[in-house]
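A short worksheet on the structure shown next.
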Amino acid sequence: MIDTELRRTFDAHERLTPDAAAVAARIAVGIVRRRRRVLVARLSAVVVAVLILGAGIPVVLWQAGTRPILPEATTSPAPSITGPVDGLVPAPPVEIVIPLSPGWLPDEVRTPTYTYTNANLAEGLRTLTYEAQPAVSGVESVSVSTRPQASPIAGDSDEGFPSWVSTHDERVIEVRGQQAHETVTTSISVGERTCSMTWTEPSGLIVLAIVTERTTSTETTCEIGERFARELRAEPVELARTVSLGLVPQGYHLVQTGTNGDLWCPTFGQSPGCIEIQDGQNYYAAENSTPITVRGHQGYLSRSPDGAVLLVPGFVRLSYGLGVPASVDTSDAGLVRLAESALLDRAGW
Amino acid sequence: VHLDIVTFDEYVAARLPALLRYAVMLTGDPHLAEDVVQDAMVRVHGHWDRIQRAEAPDAYVRRMVTNTYLGWRRSGWFRRSVAMAQVPDAVVGDSADARAARDELWSRLAQLSSRQRAALVLRYYEDLPDAEIAEVMGCAVGTVRSLISRALSALRADSRLSHATSGGLK
């Protein structure tokens, strides 16, 4: 009987069950990360809301005609691809820069464990983050973000801080000759102190600096964060891109780029039909996928009614969802062509 | 079981292995099972004060794991590839034929819709009555029976197609 076979089949596959201790550790890390994410989002929302509402802080909001000078992406032809290929055109090798760079870094992040970059070209947002992994206590991350105008997110500044925040304080400080709004929170359960500062540069550029320290102290001090913010320099620094497309469908725009890959969309903003290229490390081939070959490497193509994923394990992962225009060649050969055009600084690619 | 005095850590220590086994049956994949359980349990932690006071915390948590799995399959499977399971060696005494038949049935389970598979797992692995399955899946009892009926039909049909059921499913 099939029900008996199903029971036996399920029982027989219990041997696939992962080690609970390892997953428990991942859950613990996930809880801390979630709290951190909520807190940073909360802090960002607070400071931006303060900027928009003006809550007692004389800041200069972006106005028409005073748009800050933000280094624009530079474009030039791709080195090896000179013309359209089957509906694809060379992707401009965009150079993304953040207009401020750190003039001083805490010791822990001078040789960072991770460097994250992110640029949302549609919104003008640029972020540069250095992360370290201090053994017991010390700076965990420093981050600077810039945007040409205030974010539309506002209005939830009355929600208060999450329950796991142990102490918090808000004040106005001076940063680079401007008045900045500073918010410091501590959390014993997360084991972290977060200091966020935001201000508006004379050019109108809005800056958000966030420094997190691993500590169980509940003191709402921010000496390190303030030094990091005050010593930011008006020297643009290029944001690294780990992987990018060499060819893109005609009419597509680069909307987002950075450590996590490139997002190309039919319109200049996140929209249906976007194509994403990511680093293929830490991804595994999907079940029921079709073997393909990309630059001589074994790859896998998985399709669903909602889109497709092309993975070359260890190298690149290309994906798209619903809404890709009919003019884009999403056949197996078309997707392989896109993947093969990927630029990736890795041996063997 | 009312868990009024159980902390989240105690609950994880006691129930995580069972939740992982359940997630493996749902997803068919140990790596994805880890992700599903981790994601669900992080959210469980955020609501633990409320969950531990619920009449049936286990059912609540199982529903969150199930919904995480269904949500991922529905909206985002293509954003994260599913790992191919490396099945460890079979247990001693498991005949090659029996093992092959179960592996084939396991493969056919992957062809079902996520809701069909979840309904089968809840009935044949978790041994829940249809009313509790309906509660976990957030649907009517009739829907559960329909999902299971269609799933079994699909499995039988696949079996006939693959090898005319010589020793296959009946």
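Please read all numbers here as calculations on a predicted model, not as lab measurements. Letters go in sequence order (proteins before strands), and every chain restarts at 1.
Judged by distance alone, the side chains of A:Glu5 and B:Tyr124 never bring a donor and an acceptor atom under 3.5 Å apart.
Summarising the geometry of B:Leu20 relative to A:Ala20, their closest heavy-atom pair is CD1-CA, 3.6 Å, with the distance given to 0.1 Å. Between B:Gly28 and A:Leu16, the shortest heavy-atom distance links the atoms O-CD1, 4.5 Å. Here the shortest heavy-atom pairing between A:Arg34 and B:Gly46 reads NH1-CA, 4.0 Å. Residue A:Pro18 comes nearest to B:Glu34 through the heavy atom pair CB-OE2, 3.3 Å, listed as atom of the first residue, atom of the second, then distance. Scanning both residues, B:Arg123 and A:Arg7, for their nearest heavy atoms gives O-NH2, 4.0 Å.
In this structure, the portion of B:Val24 lying under 4.5 Å from any heavy atom of chain A is its side chain and not its backbone. Of the two parts of B:Leu120, the backbone and the side chain both hold a non-hydrogen atom closer than 4.5 Å to a non-hydrogen atom of chain A. B:Asp127 touches chain A through its side chain: at least one heavy atom from C-beta onward sits under 4.5 Å away, while N, CA, C and O do not. Heavy atoms closer than 4.5 Å to chain A are found nowhere in B:Val44, neither backbone nor side chain. Using a 4.5 Å cut-off between heavy atoms, B:Tyr22 does not touch chain A at all.
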Walk me through whether B:Asp103 and A:Thr9 qualify under side-chain contact (heavy atoms from CB on, under 4.5 Å). CA-CA 7 Å; B:Asp103 286 347; A:Thr9 297; over 6 Å; no

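Remark: the backbone N or O of A:Arg26 is paired with a side-chain donor or acceptor of B:Gln38 at under 3.5 angstrom.
Between B:Leu155 and A:Leu6, the closest side-chain pair of non-hydrogen atoms falls below 4.5 Å.
When B:Arg43, B:Met41, B:His45 are compared by the number of non-hydrogen pairs under 4.5 Å with chain A, B:His45 comes out ahead. When the candidates B:Leu152, B:Leu109, B:Val42, B:Asp39 are compared by the number of heavy-atom contacts under 4.5 Å with chain A, B:Val42 comes out ahead.
Ring geometry, B:Tyr125 versus A:Phe10: the interplanar angle exceeds 60°, so the pair is classed perpendicular (tilted spans 30 to 60°).
Taking a 6.0 Å sphere around CD of B:Glu135, one finds it holds 12 or fewer heavy atoms contributed by other residues, nucleotides or ligands.
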